[in-house]
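Below, read A as the first sequence line, B as the second, and so on, with proteins coming before strands; counting in each chain starts at 1.
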Amino acid sequence: MAEKITKREIDYSKWYLDIIKVADLAEHSDVKGCMVIKPYGFAIWEKIKDQLDKMFKETGHQNAYFPIFVPKSLFEAEEKNAEGFAKECAVVTHHRLMNDPENPGKLKVDPAAKLTEELVVRPTSEAIIWSTYKKWIQSYRDLPILINQWANVVRWEMRTRLFLRTAEFLWQEGHTAHATKAEAIEETEKMNNVYATFTQDFMAMPVIQGLKTESERFAGADETYCIEAMMQDGKALQAGTSHFLGQNFAKAFDVKFANKEGQQDYVWATSWGVSTRLMGALIMTHSDDLGLVLPPKLAPIHVAIVPIYREDSQLEEIQEKLKSTIDELRAKGITVKFDDDNNRKPGWKFAEYEAKGVPVRLAIGPRDLEAGNIEVARRDTQEKQTISIESCADHVVALLDEIQDNLHKRALDFREKNIQKIDSYEDFKSKIDGGGFFLAHWDGTAETEEKVKQETKATIRCLPLDGEKEEGKCMVTGAPSKQRVIFAKAY
RNA sequence: CGGGGUGUAGCGUAGCCCGGUUAUCGCGCGUCGUUUGGGACGACGAGGUCGCAGGUUCGAAUCCUGCCACCCCGACCA
């Protein structure tokens with residue numbers, strides 16, 4: 001029978017895992033905390049990747065690749081960054097295995113193959129990249145350097161969840177070098193904007209752009225910009241970050257350049273990244289109790305066609321009748337799957353495409369054929385309607401756009417309903433467990449931030465960039481505040 | 001890493017407390033036939049290191065110890 005999905009209201013966390021299972025996106029691997037991304041899940045990631053890659057190229061970046069291993073001495077050069085990541089680093093200490101004389105057929109680490117210097121498996125690549133940039137940069141004429149890499153990184157997390165936090169994950173990391181502070185800040189903001197545009201226009205996921213507080217900032221950054229999204233349980237998910245690194249890495253790796261006046265100066269840096277965590281964000285933004293819901297722009301299959309027939313001749317007739325419609329759709333760049341698998345009944349296929357979030361399903365059987373009609377079902381609202389085969393292609397093209405817009409609107413409405421201004425800490429404490437974003441005044445101190453975190457588990461997600469500059473008093477201490485910040489529980 | 005829970009065929013499970021033949025059932029899988037408008041039905045069939053490793057016992061899925069994995073809650077995490 002049907003694979004069951006735990007309802008969101010019963011157990012949101014279980015629902016999330018069920019969606020990944022029924023939609024066949026990923027599964028746990030034999031390595032603790034690591035996942036296998038399955039073909040359908042990877043197809044979605046590839047769509048994300050292809051679009052972002054295009055946007056990076058359009059903003060002047062080039063791809064390159066740096067090694068997965070970072071010599072420990074390089075890794076520790078930028079102290080804050082190294083400290084920040086030290087607790088979650090995998091370290092390579094040996095380079096060879098040998099037969100274990102005490103356990104025939106088994107292998108053991110060859111003690112004679114100990115590395116003279118340990119290699120850190122990158123949790124991020126600033127160190128190896130800045131040690132390389134040092135060799136590339138002599139003059140302002142060598143700047144800016146605008147590079148991105150698609151890579152895997154490893155962070156030895158204590159507690160993992162598929163896509164949201166895994167020990168190894170896929171991401172892109174942009175690393176840029178600039179001659180001036182202003183230019184680096186501009187780059188940092190530009191890429192955060194690229195992320196916001198991408199998540200909103202392609203993932204149909206509204207985000208709030210903001211700045212991280214010092215305690216939430218990337219280790220080694222002077223400023224961290226972020227995009228924060230609200231999941232359906234009201235919790236916040238950091239979907240992307242863009243860091244202004246100041247001259248921290250330039251100083252740590254001694255990367256100087258000669259400016260136009262011939263003086264030596266340290267290079268200004270940025271780094272920015274999004275990861276397979278976006279897959280988790282995508283799932284938790286749109287999906288429902290029936291399965292995954294995908295925005296058309298990221299759906300590996302846009303339209304699934306389910307023919308209903310008894311005889312092979314009827315199947316052929318259906319194929320013949322739909323040929324021009326399918327050709328027309330494909331010519332418009334729409335991915336169509338005509339499912340003529342005779343081992344599955346239509347009902348099974350309906351449920352399957354629903355679980356996988358295919359935006360539009362077409363069904364056509366003898367009755368439709370006779371009337372020249374076809375049934376169109378949209379995944380986002382579950383609505384079905386019957387239209388003429390002739391109008392089908394145009395209808396579907398328009399419908400896909402409508403679904404894309406509707407998903408974004410629905411997510412935005414949800415967020416607006418669950419975001420509120422709040423001025424009383426008592427009020428805040430009584431409401432925070434219900435989820436949602438809270439716009440509150442904050443006195444700007446790490447102490448207050450920590451107190452709220454200890455007492456409520458909520459953190460400051462960001463200082464919204466477009467927040468009105470409203471004077472007020474900190475909801476906790478009553479000290480003066482220049483703008484409201486977003487408090488929420490986060491993933 | 002601390003507390004709790006779970007682990008029996010690809011998936012979900014019964015059996016475990018109270019040890020005793022060939023380990024239960026459903027889904028899925030294979031063959032054949034009938035079917036096909038919301039996860040079809042019948043017949044036959046295949047599929048198991050009972051998470052792993054020790055121990056107790058004449059005998060262990062069942063009792064004991066250790067370990068591993070996953071889930072939940074903490075801690076931790078840009």
In this structure, how many angstroms lie between the [atom2] atom of [N] and the [atom1] atom of [X], rounded?
X         : N      : atom1 : atom2 : answer
Tyr309(A) : A40(B) : OH    : C1'   : 14 Å
Phe85(A)  : C77(B) : CZ    : P     : 12 Å
Asp339(A) : U36(B) : CG    : C1'   : 13 Å
Leu315(A) : G37(B) : CG    : P     : 14 Å
Arg361(A) : G37(B) : CZ    : C1'   : 10 Å
Trp348(A) : C27(B) : CH2   : C1'   : 13 Å
Glu311(A) : U36(B) : CD    : C1'   : 11 Å
Asp18(A)  : G12(B) : CG    : P     : 10 Å

Identify whether any heavy atom of [X] sits under 4.0 Å from a base atom; if not, whether one sits that close to sugar-phosphate; answer base, sugar-phosphate or nothing.
X         : value
Arg461(A) : nothing
Glu354(A) : base
Lys384(A) : base

Could you tell me which residues satisfy side-chain contact (heavy atoms from CB on, under 4.5 Å) with [X], sequence neighbours excluded, listed by chain and number?
X         : result
Ala64(A)  : Phe66(A), Ile147(A)
Ala86(A)  : none
Glu157(A) : Glu88(A), Arg155(A), Thr160(A), Arg165(A)

Q. Between Thr59(A) (side chain) and Met55(A) (backbone), is there a donor-acceptor pair under 3.5 Å?
A. yes
Q) Side chain of Arg161(A), backbone of Gly280(A): donor and acceptor closer than 3.5 Å? A) no
Q: Please state whether the rings of Phe253(A) and Phe249(A) are parallel, tilted or perpendicular, taking 30° and 60° as the class boundaries.
A: parallel
Q.
If the condition is ring-ring contact (aromatic ring centres under 6.0 Å, His included), which residues does Phe438(A) pass it with, not counting sequence neighbours?
A. Phe428(A)
Q | Non-neighbouring partners of Trp171(A) that pass ring-ring contact (aromatic ring centres under 6.0 Å, His included), sequence neighbours left out | A | Phe169(A)
Might you list the N or O atoms of the protein lying below 3.5 Å from N or O atoms in nucleotides 70-75 of chain B, with each pair's distance?
residue, atom, partner, partner atom, Å
C70(B), OP1, Gly33(A), N, 3.3
C70(B), OP2, Lys32(A), NZ, 3.3
C70(B), O3', His28(A), NE2, 3.4
C71(B), OP1, His28(A), NE2, 3.3
C72(B), OP1, Ser13(A), OG, 2.1
C73(B), OP2, Arg159(A), NH2, 2.6

Q. What are the two closest non-hydrogen atoms of Asn81(A) and Ala219(A), and how far apart are they?
A. ND2-O, 2.8 Å
Q: With sequence neighbours excluded, give me every salt bridge (Lys or Arg N to Asp or Glu O under 4.0 Å) pair touching residues 307-316 of chain A.
A: none
Inter-nucleotide [atom1] distance ([N], [M]), Å rounded:
N      : M      : atom1 : result
G39(B) : G3(B)  : C1'   : 40 Å
A9(B)  : G51(B) : P     : 8 Å
G45(B) : U24(B) : P     : 15 Å
G10(B) : G47(B) : P     : 12 Å
G33(B) : C16(B) : P     : 44 Å
U21(B) : U13(B) : P     : 25 Å
A69(B) : G30(B) : C1'   : 31 Å
U62(B) : U57(B) : P     : 16 Å

Q. What about Arg310(A): does its side chain form a donor-acceptor pair under 3.5 Å with the base of G37(B)?
A. no
Q. Donor-acceptor pair under 3.5 Å: do we get one between Lys349(A)'s side chain and the base of G37(B)?
A. no
Q | Contact residues, residues 267-276 of chain A to RNA chain B [heavy atom, < 4.0 Å] | A | none
Q: Could you identify which residues of residues 231-244 of chain A place a heavy atom less than 4.0 Å from some atom of RNA chain B, listed by residue number, or say none?
A: Gln238(A)
Throw together a table of side-chain donor-acceptor distances under 3.5 angstrom for residues 356-373 of chain A, partners on residues two or more places apart or in other chains.
residue, atom, partner, partner atom, Å
Asp368(A), OD2, Gly365(A), N, 3.2

Q.
Which residue in the set Trp268(A), Trp272(A), Phe244(A) passes side-chain contact (heavy atoms from CB on, under 4.5 Å) when paired with Thr188(A)?
A. Phe244(A)
Q. Mapping Phe169(A) and Phe350(A) to their closest nucleotides on RNA chain B, which lands nearer the 5' end?
A. Phe350(A)
Under 3.5 Å, sequence neighbours excluded: what are the donor-acceptor pairs made by side chains of residues 224-236 of chain A?
residue, atom, partner, partner atom, Å
Thr224(A), OG1, Phe218(A), N, 3.1
Thr224(A), OG1, His243(A), ND1, 2.8
Tyr225(A), OH, Glu189(A), OE2, 2.8
Glu228(A), OE1, Arg461(A), NE, 3.3
Glu228(A), OE2, Lys212(A), NZ, 2.6
Gln232(A), OE1, Arg8(A), NH1, 2.5
Gln232(A), NE2, Met284(A), O, 3.2
Gln232(A), NE2, Thr285(A), O, 3.3
Gln232(A), NE2, Ser287(A), O, 2.9
Asp233(A), OD1, Lys235(A), N, 3.1
Asp233(A), OD2, Tyr491(A), OH, 2.5

Q. Salt bridge between Arg217(A) and Glu223(A), side-chain N to carboxylate O under 4.0 Å?
A. yes
Q | Dot-bracket summary - RNA chain B, pairs being Watson-Crick or G-U whose distances fall under 3.5 Å, with | when paired to another strand | A | ((((((((.[[[..)....(....]]].((((((.....)))))).....[[[[[..)....]]]]])))))))....
Q | Nucleotide nearest Glu375(A) when distance is taken to its side chain, options C77(B), G12(B), G37(B) | A | G37(B)
(Q) I want to verify a distance call: between G12(B), G37(B), C29(B), whose nearest atom is closest to the Ile308(A) side chain? (A) G37(B)
Q. Heavy-atom distance under 4.5 Å between the side chains of Glu187(A) and Met191(A), does that happen here?
A. yes
Q. What's the verdict on side-chain contact (heavy atoms from CB on, under 4.5 Å) for Arg277(A) and Leu237(A), showing C-alpha distance, side-chain angles and the deciding distance?
A. CA-CA 9 Å; Arg277(A) 179 177 239 208; Leu237(A) 184 86; 3.8 Å; yes
